[in-house]
*Asks:* 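A single structure is presented below for examination.
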Protein chains: 2
Amino acid sequence: MSVATVSRSFSGSQPVSAGVRERVHEVSRRLGYRPNAVARSLRMDATKTLGLVIPNITNPFFTEVARAVEAAAWRDGYSLMLGNTDEDPKKEERYLDVLLGKQIDGIIISPASATSPHLAEVEAAGVPVVFLDRAAAGVDAPVVRADGRLAVGALVEYLANLGHERMAIISGPPETVSGRERLGTFLEEAERLGVEMPPEMVRAGDFRQKSGERAMRELLALERPPTAVFAANNLMALGALTEAKKAGVAIPDDLSFASFDDSRWFELMTPSISAISQPLEELGEAAARLLTESLEGGGGKPESVILDAELVLRDSCVEPGKKPS
Amino acid sequence: MSVATVSRSFSGSQPVSAGVRERVHEVSRRLGYRPNAVARSLRMDATKTLGLVIPNITNPFFTEVARAVEAAAWRDGYSLMLGNTDEDPKKEERYLDVLLGKQIDGIIISPASATSPHLAEVEAAGVPVVFLDRAAAGVDAPVVRADGRLAVGALVEYLANLGHERMAIISGPPETVSGRERLGTFLEEAERLGVEMPPEMVRAGDFRQKSGERAMRELLALERPPTAVFAANNLMALGALTEAKKAGVAIPDDLSFASFDDSRWFELMTPSISAISQPLEELGEAAARLLTESLEGGGGKPESVILDAELVLRDSCVEPGKKPS
DNA sequence: TACGCCCGCGTAAACGTTTACCATGCTTGT
DNA sequence: ACAAGCATGGTAAACGTTTACGCGGGCGTA
């Protein structure tokens, strides 16, 4: 009963007679032996571990996607290392360093900054990368995300049709594709429909709750406040709604409101909140699949996956100036 | 320039002259060399990695705690492996196996079942365990959780004082300490206050949204439905509220409602929802700290950490039978 | 100048696998 | 009955670190 036999019994890489295999397993059970995956990884040059590096697990978007990634990874025999960057490029860099050092097989990342020299290193190290929701320049890796343009366009049209002439957007950081896309589409569509968007109607946030609060506060303090507000993600929507409630503005009577990212709570609120919903499950599943496929298949880089976001209309937008009877 | 020198230059375990260290780093940078943590782990018998095994990252309680765990682990130089068990003991077992195989240094777990033979193996393997929120029998490991008894007791008293005589509880699974504690305290306190709790007023859920919906549906279908409902966690609260809204029951006029676990959305709802809030940040931080301390310190098992939950009263509970004017 | 010490660095073993290669013994065909 | 072949399992090298040990040279002291 040599080490080789034990290895073969566990991995099944080479045939072992049934009797010996039985004995190996019996003895292992008795001694509490368990194959050491670290040694295995060293020898095999594969850790069966994926890195998931995201700005904020607390953001329901990432929570849900992380869950789907975990499920898909687990199904394919991979474990998941979670890295929360807090939107901090420095922390992100150090996470990439650590994960590379730990020899993860692939990485799913939603980069905090538009350009990441460290990601280039990851690529250089031959570790497959999949971008989630956002991409960084200079790195040739597939992106998995939802295309919000159709839905944002539809939302602006919907608001314009209701008669809104002073719409505001609480946008995401311009360094992120998703932030840029949502703002860009909003502005383009507004222009197309002849709705003016003066600078004070565009407040740049950072996808975090606090910035939503601040933006809403500023908007409400305007001499001529908007009649409709769109928040470019769920956390900022939460902040904006909190601030609106604190200020005593009634939605939708005083102010129409909608947000990017749906929430399980929107349905329950009074009024229920219109939102743009992304296929979170599919996004996470696709990200993990892209990675495992390029790991198993070994073939060339996989294609990007762009799914559609969907506008879910509820009761939070009405015609402007319509006061409760 | 031997391997030993390189190792010493990077780890600093032994002194290396400044000149040589410089040269090592310069060459490493040029060649894109990076120390292999897998080999290091094999040699050192430590992976600087913690396992976090939870039932459902989608549950805001765990999301928030996971975030705090990640932050604390990162601060102390540890990475985090995330395992989502979906409340499935089988998946949990296999996760423990995988994580043990991967030689994680410690594990934080919120077990799906009250008794876990595999956890005993973890203990036997000498891997420190910290229980989060729930504990499993037969394993001598510290627990980090919030004690809900004071808050639940206060809530029952509050409801009784409002005049409720028919209260219902949507409880968690009796296999979990937290589920048992919340139900037990509720019943004890009700009895103490002379409020009867017939069996139909106690609906056992499983901490998931669906079970909250079902429970609320059943409660509303009762011949004499309750005047107040308490959901034993946030997901079931979400389900219950969804069902209530669907059924057209007005809260708080037709039904008072409160839940265990606070939510950022409760404040925003109409009415705002009273809830019992747990110190999520502190729980996560404590769990990670317990683990890293027992890893670094090496001393005996750390003590359990039991923090207090806090009753946050809002507008979702009123006197029963009080119809809107 | 000579001796001993200490500092800095190299050599090599060890961590627990996997696997190419080899030895052994059995089966099979003639 | 004997040779050839095959199934089975053992031997040892390799993966990339860390670290005990040893060696050489520079420095201080007498």
Side-chain angles (χ1 to χ4, degrees), chain A residues 1-49 77-79 97-105 121-122 124-127 295-296 298, chain B residues 1-49 77-79 97-105 121-122 124-127 295-296 298:
Chain A
M1 240 194 19
S2 70
V3 285
T5 308
V6 177
S7 169
R8 288 193 269 253
S9 301
F10 274 96
S11 70
S13 60
Q14 285 170 62
V16 169
S17 70
V20 174
R21 187 174 37 241
E22 253 331 295
R23 213 156 68 84
V24 167
H25 280 110
E26 200 276 322
V27 172
S28 301
R29 220 170 305 123
R30 241 194 16 235
L31 303 185
Y33 166 82
R34 184 188 311 275
N36 183 325
V38 170
R40 174 171 228 273
S41 292
L42 179 60
R43 180 57 222 252
M44 306 287 280
D45 201 34
T47 52
K48 283 288 179 179
T49 301
Y78 288 83
S79 303
D97 253 7
V98 169
L99 291 178
L100 268 194
K102 295 204 167 166
Q103 311 293 115
I104 51 158
D105 294 342
E121 280 186 41
V122 178
V127 174
L295 286 171
E296 319 275 308
Chain B
M1 240 191 23
S2 72
V3 286
T5 309
V6 176
S7 167
R8 289 193 267 252
S9 302
F10 274 96
S11 70
S13 61
Q14 285 170 60
V16 170
S17 71
V20 174
R21 187 175 38 240
E22 254 330 295
R23 213 156 70 85
V24 168
H25 280 109
E26 200 276 321
V27 172
S28 301
R29 221 171 303 123
R30 243 192 17 236
L31 302 185
Y33 166 82
R34 184 187 312 276
N36 184 325
V38 171
R40 173 171 227 275
S41 292
L42 179 60
R43 180 57 223 249
M44 306 286 280
D45 200 34
T47 52
K48 282 288 177 181
T49 301
Y78 288 83
S79 303
D97 252 8
V98 170
L99 292 179
L100 267 194
K102 294 204 168 167
Q103 312 291 118
I104 50 158
D105 295 341
E121 280 187 40
V122 178
V127 174
L295 286 170
E296 321 273 309

*Asks:* Could you walk me through whether A:T49 and A:K102 pass the side-chain hydrogen bond (donor to acceptor under 3.5 Å, both in side chains) check?
*Replies:* CA-CA 9 Å; A:T49 301; A:K102 295 204 167 166; over 6 Å; no

*Asks:* Is there any ring pair (Phe, Tyr, Trp, His ring centres under 6.0 Å) pair reaching into residues 13-32 of chain A, and which pairs are they, with sequence neighbours excluded?
*Replies:*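 Listed by first then second residue: A:F10-A:H25.
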
*Asks:* Checking A:L99 now: which residues fulfil side-chain contact (heavy atoms from CB on, under 4.5 Å) with it, not counting sequence neighbours?
*Replies:*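 With sequence neighbours excluded, A:L99 shows a side-chain contact (heavy atoms from CB on, under 4.5 Å) to A:V53, A:M81, A:Y95, A:I104, A:I107, given in chain and number order.
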
*Asks:* What residues, two or more places apart in sequence or in another chain, satisfy side-chain hydrogen bond (donor to acceptor under 3.5 Å, both in side chains) together with A:T5?
*Replies:*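 side-chain hydrogen bond (donor to acceptor under 3.5 Å, both in side chains) list for A:T5, sorted by chain: A:S2.
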
*Asks:* Can you tabulate the close N/O pairs, meaning under 3.5 Å, that link protein atoms to atoms of nucleotides 25-27 of chain C?
*Replies:*
none

*Asks:* Does the B:S28 side chain pair with the main chain of B:V24, one donor and one acceptor, at a distance under 3.5 Å?
*Replies:*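 Answer holds: yes.
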
*Asks:* Under 3.5 Å, side-chain donor or acceptor atoms of residues 40-47 of chain A against the rest of the protein: list the pairs with distances, not counting sequence neighbours.
*Replies:*
| unit_1 | atom_1 | unit_2 | atom_2 | d |
| --- | --- | --- | --- | --- |
| A:S41 | OG | A:A37 | O | 2.9 |
| A:S41 | OG | A:A46 | O | 3.1 |
| A:T47 | OG1 | A:Q103 | O | 2.8 |
| A:T47 | OG1 | A:D105 | OD1 | 3.2 |

*Asks:* Going by number, which of residues 15-26 of chain A have a non-hydrogen atom under 4.0 Å from DNA chain D?
*Replies:*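 Here the set is A:V16, A:S17, A:V20.
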
*Asks:* Tell me every residue that passes side-chain hydrogen bond (donor to acceptor under 3.5 Å, both in side chains) with A:K48, counting only those two or more places apart in sequence or in another chain.
*Replies:*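 A:K48: no side-chain hydrogen bond (donor to acceptor under 3.5 Å, both in side chains) contacts found.
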
*Asks:* Only pairs at least two apart or in different chains count here, so list each side chain to side chain donor-acceptor pair (under 3.5 Å) that has a residue in residues 9-24 of chain B.
*Replies:*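 Listed by first then second residue: B:R8-B:Q14, B:S11-B:S13.
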
*Asks:* What residues, two or more places apart in sequence or in another chain, satisfy side-chain hydrogen bond (donor to acceptor under 3.5 Å, both in side chains) together with A:R29?
*Replies:*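 A:R29 satisfies side-chain hydrogen bond (donor to acceptor under 3.5 Å, both in side chains) with no other residue.
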
*Asks:* Would you please name every residue forming a side-chain hydrogen bond (donor to acceptor under 3.5 Å, both in side chains) with B:R34, sequence neighbours left out?
*Replies:*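 Per chain and number, B:R34 pairs via side-chain hydrogen bond (donor to acceptor under 3.5 Å, both in side chains) with A:D97, A:E121.
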
*Asks:* Counting primed atoms plus P, OP1 and OP2 as sugar-phosphate and everything else as base, spell out the protein contacts along nucleotides 15-26 of chain D at 4.0 Å heavy-atom distance: B, S or - for each nucleotide, 5' to 3'.
*Replies:* BBBBBB------

